[in-house]
Amino acid sequence: MMTVTLLLDDTLQGIGLRYLLRQYFDIDAAMSASVDESGDSASSLYFVSPRVFASSLDFFIPRRARTVIIGESLDINGSESSLIEQLDSILKIVEQRRPEDTASAELSQREIEVLSLVATGLINKEIADRLNISFNTVLSHRKNITAKLGIKSVSGLSVYAMMNGYISESDLHR
């Protein structure tokens, strides 16, 4: 049986999400104000805000396959049916994941370096200068990263880099 913990900044958002999970998916979600490892199990699923995720990276990175960050991708301001469809999609993806699916995509060491610099907010020219490579090489690495990960936005790459331990919260404040 799947256990769900909601760690959200907005209490009303948490109450609404807990209601929808109970009403439509027969899942009794617990709301929590802080990360608690005592209730963790292989069947635990976490819905967290970006702030909670970033402040507890050590807890969430090993559990990234069971962590859903509630951000812009989950349309909490849309219609109830739209939100239910999104939740259904998320729950199906989590149920279908196998441990080997959670391994990082096979990025080369140089691609990881480029990804880390992109995630911290550097532009292509700055990355080229920092790594002592050409501008076109940076573009090629970014193209390869996007193809391997299927992530096109800088914000998506930043979340991926954080979830896989390539950057930390302190790297974002430079």
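Predicted model, so just to flag it, every value in this text is computed and none were measured.
Taking 4.5 Å as the limit, every side-chain heavy atom of Gln13 sits out of range of all side-chain heavy atoms of Leu6. The shortest side-chain heavy-atom distance between Asn164 and Ile112 does not fall under the 4.5 Å cut-off. You'll find the side chain of Leu83 stays beyond 4.5 Å of the side chain of Tyr24, heavy atoms only. You'll find the side chain of Ile70 reaches within 4.5 Å of the side chain of Val68, heavy atoms only. Residues Leu117 and Leu115 are not in side-chain contact: their nearest non-hydrogen atoms beyond the backbone lie 4.5 Å or more apart.
Residues Leu122 and Phe135 do not share a hydrophobic cluster, defined by chaining ILVMFWY side chains whose heavy atoms lie under 4.5 Å apart. Leu139 is not connected to Ile151 by any chain of hydrophobic side-chain contacts under 4.5 Å among Ile, Leu, Val, Met, Phe, Trp and Tyr, and they are in different clusters. Met31 and Tyr19 fall within the same hydrophobic cluster, where Ile, Leu, Val, Met, Phe, Trp and Tyr residues are linked whenever their side-chain heavy atoms come under 4.5 Å apart, directly or through other members. Hydrophobic clustering of Ile, Leu, Val, Met, Phe, Trp and Tyr side chains at less than 4.5 Å, counting indirect connections, unites Ile27 with Ile15. Clustering ILVMFWY residues whenever any of their side-chain heavy atoms sit less than 4.5 angstrom apart, transitively, puts Val154 in the very cluster that holds Tyr166.
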For this session: Determine, stepwise, if the pair Asp88 / Phe25 fulfils side-chain contact (heavy atoms from CB on, under 4.5 Å).
Result: CA-CA 8 Å; Asp88 185 48; Phe25 302 98; 3.7 Å; yes
For this session: May I have the step-by-step check of salt bridge (Lys or Arg N to Asp or Glu O under 4.0 Å) for Glu111 and Lys148, ending in yes or no?
Result: CA-CA 10 Å; Glu111 289 169 340; Lys148 288 179 180 180; 2.8 Å; yes
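In this structure, Gly14 and Leu8 approach most closely via the heavy-atom pair CA-CD1, 3.6 Å. Among all heavy-atom pairs drawn from Ala161 and Ala119, the shortest one is CB-CB, 3.8 Å. Of all heavy-atom pairs between Ser32 and Thr5, the closest is CB-CG2, 4.0 Å. Considering every non-hydrogen atom in both Met162 and Ile61, the closest pair reads O-CD1, 3.2 Å.
With values rounded to the nearest 0.5 angstrom, Ile84 atom CD1 is found 11.5 Å from Leu91 atom CG. Distance check: Ile167 CD1 to Tyr160 OH gives 12.5 Å after rounding to the nearest 0.5 Å. Rounding to the nearest 0.5 angstrom, the gap separating the CZ atom in Arg130 from the CD1 atom in Ile133 is 12.0 Å. Here the NE2-OG distance, from His141 to Ser108, works out to 6.0 Å after rounding to the nearest 0.5 Å.
A donor-acceptor pair under 3.5 Å links the side-chain atoms of Glu126 to the main chain of Ile123, judged by distance alone.
With Phe60 as the aromatic partner, Arg64 does not meet the cation-pi criteria of under 6.0 angstrom to the ring centre and within 45 degrees of the ring axis.
Ser140 and Thr137 form no side-chain donor-acceptor contact under 3.5 Å, judged by distance and modelled atom types alone. Between the side chains of Ser44 and Thr3, a donor-acceptor pair is found at a separation under 3.5 Å.
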Using atom types as modelled, flag every donor-acceptor pair under 3.5 Å from a side chain in residues 45-55 to any protein atom, sequence neighbours excluded.
residue: Tyr46; atom: OH; partner: Asp40; partner atom: OD1; Å: 2.6
residue: Ser49; atom: OG; partner: Asp9; partner atom: OD1; Å: 3.4
residue: Ser49; atom: OG; partner: Asp9; partner atom: OD2; Å: 3.1
residue: Ser49; atom: OG; partner: Val52; partner atom: N; Å: 3.2
residue: Arg51; atom: NE; partner: Asp9; partner atom: OD1; Å: 2.9
residue: Arg51; atom: NH2; partner: Asp9; partner atom: OD1; Å: 2.7
residue: Ser55; atom: OG; partner: Arg51; partner atom: O; Å: 3.1
residue: Ser55; atom: OG; partner: Val52; partner atom: O; Å: 3.1

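Among pairs with a residue in residues 13-24, those fulfilling salt bridge (Lys or Arg N to Asp or Glu O under 4.0 Å) read Arg22-Asp28, at least two apart in sequence or across chains.
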